[in-house]
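Every number for a ligand or one of its atoms is a count from 1 in the order of the listing. By convention here, the first residue in the shown sequence is residue 1.
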Amino acid sequence: MKILVANLGSTSFKYRLFDMCDADAALLAKGGFERVTEYTPCIEEMLETLVNEGHLQSAEDLDAVGFKTVLGKDLSGCVEADERVLEALDGFKEVAPAHNPAYAEGIRCFQSKLPNVTRVALFETAFYQWMSPAAYSYAIPKAWRELGIRRYGFHGASHKFIAERSAELLQRQDVAARARGLYVKGPGEFNGKPLRVISCHLGGSSSLAGIQNGVSIGGSMGFSPQSGLPQNNRVGDLDSMAIPYVCKMLGISVEEAERQLNKESGLLGLSGVSNDARDIREAAEQGNAEAKLASEVLIDSIRHWAGSFFFKMGGAEVISFTAGIGENDAELRAAVCADLEGLGVKIDPEANAKTIRGAEGIISAPDSKIKVMVIPANEELVIAREVYRFKQAH
Ligand code: AMP
């Protein structure tokens, strides 16, 4: 079964084509476009390339397209990407302005070009659907809560892959199977030995999730992908009183404040140098104090959220790092795990230093009670698997 996974970023379009057969997934092709302003020409070019390279006889040869949709109003899970999904994306377009309009455009484009190819949306919020009300509720008036303002959590496909893969690496097939079947079977009962994972997805956008026996208990992102850790250009957590105060003192509108929090904040806003962790580290090494502060704030924020999940889960067996920064920045990983021997975390400096550029491995010392892992991100595989299941079931 040929399944295309479409990943529509605010300025990029990436894709992977899988040939799925039961549990096996063969990656046939992958590619992408940067600095994208319109998705339709990219989608057309991609389909042409896949046919020219012989992966598809014609575009209609595709069995399904999977979309990593971000946030839907009153909708989550793995569902057919139909009008209901478009409405749900539209209902929260102001909350995820960099993501929702892009996915709506992409889904519409496939709808008009390949009307007979099944379209499936896997929401990034789906992995958090079993969070407790105590974990997802904000202390706001009822009328606000009725608008759907609550914590949702994001990067669900990435954290779900970590839930599966970390369990496999520890030979915990029971937990791996539970995580893998989650969207079909639900969490059900679990009576095995606990496996608690603090999953750190650190990239252009970053979040942490607490994962207990394959099921997420919460994430660092809240109502929007704007909250939690400082992101490349986005603010992360901020006291809500700062916005009216800044509007008044700087004489700017709420819209302008929102723009600055989305585009000129995060690592870029703090460092004044770049939104890229590599440039920031280089500047910090050359003595730039603001760049140093940006790095320190990111590390502090990761530790803050990791500590929260450690406490909520009553401990952890695994701390896992993934995505661009998590997979490559050995210094940051060491700083996140520094001085935690009292909690049972001990990094192996050599293993840590060599686990970069797509390598997978355990970077904690053999006598570390908590295993620290690096697992390359593989959200597309999670989406392809869910789309495959959706096709089998419908
Ligand atoms: P992603 O969103 O997973 O593609 O990650 C992109 C981010 O990874 C960029 O913002 C880079 O700053 C970061 N990154 C990539 N390579 C490195 C590296 N060697 N050291 C630190 N950060 C890196």
Ligand-side contact atoms (ligand 1) for residue partner [X], heavy atom cut-off under 4.0 Å:
X      : answer
Ala323 : 3 (O)
Ala277 : 12 (O), 22 (N)
Gly204 : 1 (P), 2 (O), 5 (O), 6 (C), 7 (C)

(request) Test Phe223 against every option in Trp144, Phe92, Tyr138 by the ring pair (Phe, Tyr, Trp, His ring centres under 6.0 Å) rule and name the one that passes. (result) Phe92
(message) Ring-plane angle category for His155 and His159, please: parallel below 30°, perpendicular beyond 60°, tilted otherwise.
(response) perpendicular
Say whether [X] and [Y], considering side chains only, have a donor N or O and an acceptor N or O under 3.5 Å apart.
X      : Y      : result
Thr125 : Ser76  : yes
Glu60  : Ser58  : yes
Asn352 : Arg333 : yes

(request) Look up atom CD in Glu124 and atom OG1 in Thr69, then write down how far apart they are to the nearest 0.5 Å. (result) 7.5 Å
(request) Would you confirm whether any non-hydrogen atom of the protein falls under 4.0 Å from atom 16 (N) of ligand 1? (result) yes
To check your reading of the model: name the closest protein heavy atom to [atom], its residue, and the distance in Å.
atom                    : result
atom 19 (N) of ligand 1 : Asn328 CB, 3.3 Å
atom 12 (O) of ligand 1 : Asp276 OD1, 2.7 Å
atom 20 (N) of ligand 1 : Arg278 CG, 3.5 Å
atom 13 (C) of ligand 1 : Ile325 CG1, 3.5 Å
atom 3 (O) of ligand 1  : Gly324 N, 2.9 Å

(message) In the structure I gave you, are the side-chain heavy atoms of Val175 and Glu164 within less than 4.5 Å of one another anywhere?
(response) no
